[in-house]
There are 2 protein chains.
Amino acid sequence: MAQKNNLKYIILGLLSERSLTGYDITKAFDSDIGEFWSANHSQIYPLLIKMEANGLISHEIIVTGAKLEKKLYSLTQTGTIEFKTWLQSPTPELSASKDEFILKLYFIENSTDPLLPEMLAEQLMLHHNKLVHLQSQMTNKFENTDRKQAQFGHFLILQHAIERETAYESWLQQTINNLGD
Amino acid sequence: MAQKNNLKYIILGLLSERSLTGYDITKAFDSDIGEFWSANHSQIYPLLIKMEANGLISHEIIVTGAKLEKKLYSLTQTGTIEFKTWLQSPTPELSASKDEFILKLYFIENSTDPLLPEMLAEQLMLHHNKLVHLQSQMTNKFENTDRKQAQFGHFLILQHAIERETAYESWLQQTINNLGD
DNA sequence: TCGACCATGTAAACTGTTACATGATTGT
DNA sequence: ACAATCATGTAACAGTTTACATGGTCGA
């Protein structure tokens, strides 16, 4: 999708918490943020350079060991303002959530289609695994109420994702159960 | 997103039901399919030309009125096979469902953030409207059980979308209700 | 006749993925 | 020494959106 440069705002948001290298930002997509957004380092590094050229961020060189130079990026005041402006702006578009399985299902004409049972079973497994993963994330990150206060948005997102996957799993299961009718 | 050419399969799927012009295909995204996928005519027309060059589809010219030429596309045998192969193949990836509101929420650190109430209220309105729309779609298209049999996949998708929006709305409402705690 | 809609295309810009490419550090 | 990981970049390609561009049909 050619969206409205959401990646820029993710980077601004991450840097608003603390200074990070491009590598740190890349890794954030393997854990926390990876739950609901993805990005590769090949997209992140050029964007960091562009954002710096636009005055949103700046960097200082940190030398590790003998000569490994890291670029530690920080928000400029302009960047801070741009991030806050984005956060405060309305979000009037609902995303279309492009789901390839749903696409295939659309072309199933009949409830007796022999493909249906395995398609549904495959998705049930995938969504069940996702749900288990999300639940373990929830346990790991928000065992104690303190962190739930300190990262309230993150908590809400996880809660929402768990409810979404629970509903998805339940829909798949019911559909499988009713196939015989 | 640079996905795996799902648009190609949508076009194959639509043409497997009946022959269509590029304009017909474009309009399908304004109604039925628009519920869960989007595409513009500027993407569809070039792809139709490419798919014809690859032997998946063919067209005949239909003249309307004095001289308006329409291209009516049909599946070739190769196209039919490619569509069926896709439908039968596994769908092992779960889409990340990139949702800008969720993104913003991630950066809300505290449950007392003054932005939260309006953010949640805005989304509640959007998702409520979406739900109402989906429910009217369901009523219009599947009043009688016949069509539910004849377009089973479409029925399941609508059912799922309604359940998803119901859950989304309920999560938003509960979150709003609990903000005071 | 005029406006809404039918009908088809191209161009430019942007977003995202996969692959190519290089080198340093750290712990075993 | 060697492997895993840290660290940063570029290139090519693929998918998507927005804008530009043109002309025909049909009903009021």
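Every chain is numbered from 1, with letters handed out A, B, ... down the list of sequences.
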Run the numbers on B/Trp86 and A/Glu100 for side-chain hydrogen bond (donor to acceptor under 3.5 Å, both in side chains), then give the verdict. CA-CA 11 Å; B/Trp86 170 73; A/Glu100 195 183 352; 2.9 Å; yes
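No side-chain heavy atom of A/Leu15 sits less than 4.5 Å from a side-chain heavy atom of A/Phe83.
With a 6.0 Å radius and a threshold of 12 heavy atoms from other residues, nucleotides or ligands, A/Glu17 has its CD atom above the threshold.
In the region residues 85-94 of chain A, proximity to DNA chain C at under 4.0 angstrom, judged on heavy atoms, holds for none of the residues. Interface residues of residues 30-60 of chain B facing DNA chain D, ordered by number: B/Ser38, B/Asn40, B/Ser42, B/Gln43; criterion, heavy-atom separation under 4.0 Å.
The two atoms that bring A/Ala39 and A/Leu7 nearest to each other are CB-CD1, 3.8 Å, heavy atoms only. Nearest heavy-atom pair across A/Asp113 and A/Leu115 is OD1-N, 2.8 Å.
Under a 3.5 Å cut-off, the side chain of B/Asp24 and the backbone N or O of B/Thr21 do form a donor-acceptor pair. A donor-acceptor contact shorter than 3.5 Å is absent between the side chain of B/Asn54 and the backbone of B/Leu56. Of the possible donor and acceptor atoms, one in the side chain of B/Thr80 sits under 3.5 Å from a partner among the backbone N and O of B/Thr76. Remark: the backbone N or O of A/Ala161 is not paired with any side-chain donor or acceptor of A/Lys130 at under 3.5 angstrom.
A salt bridge does not link B/Lys4 to B/Glu93: none of the charged nitrogens lies less than 4.0 Å from a carboxylate oxygen.
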Nucleotides 2-4 of chain C: which of its N/O atoms have a protein N/O under 3.5 Å away?
none

Using atom names, set out every protein N or O paired with an N or O of nucleotides 3-6 of chain D below 3.5 Å, distance rounded to 0.1 Å.
from, atom 1, to, atom 2, distance (Å)
D/dC6, OP1, A/Lys27, NZ, 3.4
D/dC6, OP2, A/Tyr23, OH, 2.4
D/dC6, O5', A/Tyr23, OH, 3.2

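Residues satisfying the ring-ring contact (aromatic ring centres under 6.0 Å, His included) test with A/Tyr73, not counting sequence neighbours, are A/His59. B/Asn40 is linked by a side-chain contact (heavy atoms from CB on, under 4.5 Å) to B/Ser42, counting only residues two or more places apart in sequence or in another chain.
Residue B/Lys71 is the one, among A/Asn6 and B/Lys71, whose nearest nucleotide of DNA chain C lies closer to the 5' end (criterion: closest heavy atom).
Distances shorter than 4.0 Å separate some side-chain N or O of A/Lys98 from OP1 or OP2 on D/dT16.
Atom NZ of A/Lys8 is separated from atom P of C/dC14 by 11 Å (rounded to the nearest Å).
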